[in-house]
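Single-structure report; data block below.
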Amino acid sequence: MSFWEKLRKPCSLRGGAKQISVDAVIPLFAIPTLAVIAAQAFLWTLFIFLATPILVYYLHHNFLRFLLRTKFFLMWTITSVLFLMIIFEVSVVPLLEILPEENLIFIVCVVGGIWCGYETKLKADCGTQESALIQGLELGEGSGELCTTCRRRAPSRAYHCRLCQTCILNREYHCRWLDCCIGSSNLRWYLFCLFFSAFAFIYGSNLTMTSVCHPFILIGTILLPDDCSDVYYELDIALCFVSSLYSLLVGMVLLCYFLYHLWLIYLGTTSNERRLLLAESPYDHEMVKNVSRLFCCKT
Ligand SMILES: [Zn+2]
Ligand SMILES: [Zn+2]
């Protein structure tokens, strides 16, 4: 812990004008390094894809969770998006297998995803600031139940977030990958963000795979990869292949989250309320809880 404390001490840049903590810088180096290692051979790809979630979980469990608001996961998101975008535009597009309109659709979805993600975070931060302001003005006053943590009266469907240090109306969870709480103030933007990002990741992955692997025609201009056995002969082609696998995995997870939230809206509840309901139920949901903790969001 003392080693980590030393490490995470903010290092000053340009005479202390800006402060960046070490945990936020790790993804900047980790993602390109892991991608290059994974691009060496198929077994390396398999190893990196299995080892990285375990490594991130280990890092989170032993170090990151002791920091109140680590930027590690947000930086992981930003670095991943930038890295995949650069690989696509620099290595995949020059292969001339992609139509200009396919590239345009991809770029529009990426920009849409980034914009909605930015709005999600902006709306969450505004909500938190407003709550903090009200909290300072009317401690223990107002209507609703008294929150035992921030000692403020909150509306009936508001739940306290330990990381945001305030109560969030219709709180879903604290999304580590965007470093903000998802609640009624930003759920709409979050859903758009999930939809655009899921589409961009899966579509980008399909375009990349069908460019570097031997493709076959599914319908019209929609292709699927067929034979990917010779992608490891050149490093840049291998990097494209690895990034497309990563992109596909992330896209599938985001799609699942999007569908999960649509289902919750259909049920008229939130994931936080569902979690509380599950905690009261006699069945053991320990495995579900552990998996959700590992993959996304702090409940
Ligand atoms: Zn509270
Ligand atoms: Zn939060």
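For ligands, and for the atoms within them, numbers begin at 1 and follow the listed sequence. Keep in mind it's a predicted model, so treat the numbers as computed, not measured.
The sulfur atoms (SG) of Cys175 and Cys181 lie 2.5 Å or more from each other.
Atom NZ of Lys71 and atom OG of Ser21 lie 8.5 Å apart (nearest 0.5 Å).
Listed by chain and residue number, the protein N/O/S atoms under 2.8 Å of the Zn ion (ligand 2) are Cys161 SG, Cys164 SG, His174 ND1, Cys181 SG, with waters left out.
Phe47 and Trp44 have perpendicular rings, their planes meeting at more than 60° on a 0 to 90° scale where under 30° would count as parallel. Ring geometry, Trp76 versus Phe72: the interplanar angle falls from 30° to 60°, so the pair is classed tilted. Taking the six-membered ring where tryptophan is involved, the planes of His60 and Tyr57 are tilted, since the angle between them lies from 30° to 60°.
For the residue pair Tyr246/Ser80, the side-chain donor-acceptor check at 3.5 Å is satisfied.
Here the angle centred on the Zn ion (ligand 1), running from SG of Cys167 over to ND1 of His160, is 120°, rounded to 10°.
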